[in-house]
Amino acid sequence: MKRLLYFCLSIGLLFYSLPYLSVTKSLEQTIFSLTWLIFALCTIGGNLYAYLDQDKKYNVLKGKKPTSNKYKRQQSALH
């Protein structure tokens, strides 16, 4: 749940800052704006990946094996 909150906060921060970032003025402002956008997108991507992948990691920590439909069919055929 914490990862989803961080993801939403980083999206909100990106939308809030977009009007203030300038890409067309001076070279320093352009470099700063592009660098800031790259870091923001990396943060958003990392939080999204962590949120989507947390179930897989949770199952590994608990010792559960991920089950597929094929594995379930094989197990039911054996019983």
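Quick note: numbers below take in every heavy atom, side chains included, and nothing from hydrogens, waters or symmetry partners.
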For Lys25, all residues meeting side-chain contact (heavy atoms from CB on, under 4.5 Å), sequence neighbours excluded: Ser22, Gln29
Joint hydrophobic cluster, Trp36 plus Val23, side-chain heavy atoms closer than 4.5 Å: no
Euclidean distance, Cys42 SG relative to Asn47 CG, rounded to 0.5 Å: 11.0 Å
Hydrophobic cluster of Leu27, others only, ordered by chain and residue number, side-chain cut-off 4.5 Å: Ile31
Stepwise side-chain contact (heavy atoms from CB on, under 4.5 Å) test for Leu14 and Leu37: CA-CA 8 Å; Leu14 179 66; Leu37 285 172; 3.7 Å; yes
Trace of the side-chain contact (heavy atoms from CB on, under 4.5 Å) decision for Thr43 with Phe7: CA-CA 8 Å; Thr43 302; Phe7 173 72; over 6 Å; no
Which residues share a side-chain contact (heavy atoms from CB on, under 4.5 Å) with Phe15, sequence neighbours left out: Ile11, Leu18
Partners passing ring pair (Phe, Tyr, Trp, His ring centres under 6.0 Å) against Tyr20 (at least two apart in sequence or in another chain): Tyr16
Single-linkage hydrophobic cluster, 4.5 Å side-chain cutoff, Leu13 and Phe32 together: yes
Which residues share a side-chain contact (heavy atoms from CB on, under 4.5 Å) with Leu5, sequence neighbours left out: Leu9
